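Residue numbers start at 1 and run along the sequence shown. Worth saying up front: this structure is predicted, and the values here are computed from it rather than measured.
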Amino acid sequence: MTRPSSCPPLGFGVLGCADIAWRRTAPALAADPGVRLTAFASRSPEKGRRFAERFGDAAVTDYDALLRRPDVDAVYIPLPAMLQAGWIERALTAGKHVFAEKPLSTRAADTARLFALAEERGVVLKENAMFLHHSQHTAVDRLLADGAIGQLRGFSAAFTIPPLPESNIRNHADLGAGALLDVAVYTVRAALRFLGPRLEVVGATLREADGVVRSGSALLVTPEGVPAQLTFGMEHAYRTEYALTGSTGRLRLDRAFTPPPGHQPVVDVARQDHREQISLPPDDQFARIVAAFVREVRGEAPAERAASAAESQRVAETIDALAARAVRTKAPGDVS
């Protein structure tokens with residue numbers, strides 16, 4: 001896509017040089033013609049310089065100074081979960097558009113407050129729900145609409161990863177948010193996408209150690225009685241998939257949440273007397289969501305912006321409900 005000459009690129013600052021920024025998001029920002037990476041802020045000057053050297057002629061500064069820069073129109077924030085909301089608020093107050101990693105906050109009430117502040121300041125706040133922008137899910141929509149599995153009877157999703165080093169921030173209650181806000185959100189988003197926003201939490205379990213949720217499961221249901229069974233955790237073999245069961249068949253998609261750009265998705269459709277695997281084209285979900293953010297900032301996608309905000313708010317409310325309804329258990333040996 002060619003950017004019109006009358007539309008200068010957005011000056012982007014990166015506030016927090018996290019691993020996800022290095023591997024996926026900063027490359028997507030650097031590749032987008034509507035973006036110019038202007039400045040990097042890190043608590044480690046060495047890490048900030050490393051980013052600046054890789055992604056162009058960008059300044060290296062501290063967090064507050066980055067927010068004061070007139071050449072920064074928008075900020076990407078990939079901070080630990082417990083720090084996100086505070087810096088998002090500062091960025092919005094400074095009049096910057098914000099593209100932030102999930103979760104925007106650790107409570108639905110705070111998420112609502114941040115979206116209200118963005119509206120008040122006339123800037124865009126967007127959560128990096130990148131997987132929803134992959135074209136594989138639109139292909140699943142078409143299969144469902146064409147009656148590939150009949151009437152929808154159920155949904156299931158799993159996102160689990162192997163144990164992380166104890167030094168990882170996800171394992172620290174004062175910084176990370178554990179499995180609930182780090183991986184469960186993917187399964188919740190997928191359920192809401194396919195079953196609609198009226199999903200309600202029926203029950204849940206959370207397994208904790210040292211004050212951190214390590215794994216869990218949840219059952220949600222639509223008003224029509226269609227259930228969603230979700231599994232998530234940071235102490236399992238790696239899984240990232242969802243499945244939809246219908247009156248005449250079942251559809252399954254692997255690598256549903258974290259496909260790399262070169263990955264060719266395959267949808268498995270099984271019926272009583274027939275099974276097929278449908279290959280789909282590769283896609284880059286990070287490039288797609290960056291382009292969507294730029295469109296929203298340009299005012300080209302008001303409906304998309306409103307839908308994105310409403311979706312993030314509904315996810316936050318569902319996570320709150322899940323946490324409130326959950327039966328909590330301690331991992332063996334936990335003394336917290």
Donor-acceptor check, side chain of D73 to backbone of H97, threshold 3.5 angstrom: yes or no? no
Which pair of non-hydrogen atoms, one from A179 and one from R214, has the smallest distance, and what is that distance? CB-O, 3.5 Å
If you look at every heavy atom in L104 and I88, which pair is closest and at what distance? O-CD1, 3.5 Å
Find out if a path of hydrophobic residues (ILVMFWY) with successive side-chain heavy-atom gaps under 4.5 Å connects V267 to L152. yes
Atom pair CG (L253) and CG (L143), whose distance is rounded to the nearest 0.5 Å: 10.0 Å
With a 3.5 Å distance limit and no angle check, can you tell me whether H134 reaches the backbone of P282 through a side-chain donor-acceptor pair? no
When you measure from the side chain of K126 to the backbone N and O of S308, does any donor-acceptor pair fall under 3.5 Å? no
Atom CZ of R189 and atom CZ of F194: how far apart are they, to the nearest 0.5 Å? 14.0 Å
Side chain to side chain contact (heavy atoms under 4.5 Å, CB included) partner of W87, the single match among L92, V98, L67: L67
Any donor and acceptor pair, going by atom type alone, linking the side chain of R288 with main-chain N or O of L132 inside 3.5 Å? no
Hydrophobic cluster membership, W22 vs V14, 4.5 Å side-chain cutoff: yes
State whether the number of non-hydrogen atoms from other residues, nucleotides or ligands found under 6.0 Å of R275 atom CZ is greater than 12. no
Side chain to side chain contact (heavy atoms under 4.5 Å, CB included) between T318 and L199: does it pass, once the steps are laid out? CA-CA 8 Å; T318 304; L199 267 179; 6.0 Å; no
For E276, does the CD atom have more than 12 heavy-atom neighbours from other residues, nucleotides or ligands under 6.0 Å away? yes
Side-chain heavy atoms under 4.5 angstrom apart, residues restricted to Ile, Leu, Val, Met, Phe, Trp, Tyr: same cluster for L219 and Y186? no
Judged by atom type as modelled, is there a donor-acceptor pair below 3.5 Å linking the side chain of D62 to the main-chain atoms of A65? yes
Mind checking whether F293 and H133 have ring centres under 6.0 Å apart? no
Check this for me: E119, atom CD, are more than 12 non-hydrogen atoms of other residues, nucleotides or ligands nearer than 6.0 Å? no
Is R198 atom CZ crowded by more than 12 heavy atoms from other residues, nucleotides or ligands, each under 6.0 Å away? no
First locate atom CG of D32, then atom CG of L10, and finally report the distance between them rounded to the nearest 0.5 Å. 8.5 Å
Closer than 4.0 angstrom, basic N to acidic O: yes or no for D19 and R23? yes
Given Y242, F257, F232, the one that forms ring pair (Phe, Tyr, Trp, His ring centres under 6.0 Å) with F159: F257
May I ask you to decide whether E235 forms a salt bridge with R170, counting only side-chain N to carboxylate O separations under 4.0 Å? no
With rounding to the nearest 0.5 angstrom, report the CD to CG distance, E200 to L322. 12.0 Å
Should the pair D64-R90 be classified as a salt bridge under the 4.0 Å nitrogen-to-oxygen rule? yes
Any side-chain heavy atom of F40 sitting closer than 4.5 Å to one from K47? no
Which heavy atom of L79 sits nearest a heavy atom of Q84, and at what distance? N-OE1, 2.8 Å
Looking only at heavy atoms, what is the nearest atom pair of P281 and P265, with distance? O-CD, 3.5 Å
Is a side-chain donor or acceptor of T248 paired with a backbone partner of G150 at a separation under 3.5 angstrom? yes
Please determine whether a side-chain nitrogen of the Lys or Arg among E311 and R193 lies less than 4.0 Å from a carboxylate oxygen of the Asp or Glu. no
Note: D320-R107 ion pair, threshold 4.0 Å (strictly below): no
State whether E317 and R314 are salt-bridged, where the test is any N-O pair (Lys NZ or Arg NE/NH1/NH2 against Asp/Glu carboxylate O) under 4.0 Å. yes
Could you tell me whether the side chain of D283 reaches within less than 4.5 Å of the side chain of Q136, counting heavy atoms only? no
Does any part of the side chain of M130, heavy atoms only, come nearer than 4.5 Å to the side chain of V290, both counted from C-beta? no
Ignoring hydrogens and geometry beyond distance, is a side-chain donor-acceptor pair present between T38 and D71 at under 3.5 Å? no
What residue among S44, S42, P78 forms side chain to side chain contact (heavy atoms under 4.5 Å, CB included) with C17? S42
Exam field: side chain T245 to backbone R250, donor-acceptor pair closer than 3.5 Å: no
When clusters are formed by joining ILVMFWY residues with side-chain heavy atoms under 4.5 Å apart, either directly or through shared neighbours, do L195 and I319 land in the same one? yes
Output for pair (Y63 OH, L83 CG), nearest 0.5 Å, gives 8.0 Å
Heavy-atom check, side chain of V315 versus side chain of L192, under 4.5 Å: yes
Looking at V188, L206, T106, V185, which one forms a side chain to side chain contact (heavy atoms under 4.5 Å, CB included) with L180? L206
Side chain of H137, backbone of F131: donor and acceptor closer than 3.5 Å? yes
Under a 3.5 Å distance rule, please check whether D284 uses its side chain to pair with a backbone N or O of F286 as donor and acceptor. yes
Identify the heavy atoms of S105 and T111 that sit nearest to each other, and give their distance. OG-OG1, 2.7 Å
With the 4.5 Å side-chain cut-off for hydrophobic clustering, are L244 and V266 part of the same group? no
Spatial distance of atom CZ (F155) from atom OG1 (T187) [nearest 0.5 Å]: 8.0 Å
Considering only heavy atoms from C-beta outward, does the side chain of R24 approach that of P261 to under 4.5 Å? yes
Is a side-chain donor or acceptor of S247 paired with a backbone partner of Q151 at a separation under 3.5 angstrom? yes
Smallest heavy-atom separation, A301 atom then E296 atom, equals O-CG, 4.1 Å
Do Y76 and F99 have ring centres separated by under 6.0 Å? yes
Which residue, E101, Q285, K102, forms the side-chain hydrogen bond (donor to acceptor under 3.5 Å, both in side chains) with N128? E101
Full working for side chain to side chain contact (heavy atoms under 4.5 Å, CB included) between R328 and V213: CA-CA 9 Å; R328 296 174 183 261; V213 174; 4.2 Å; yes
Pairwise side-chain contact, E89 with D110, heavy-atom cut-off 4.5 Å (strictly under): no
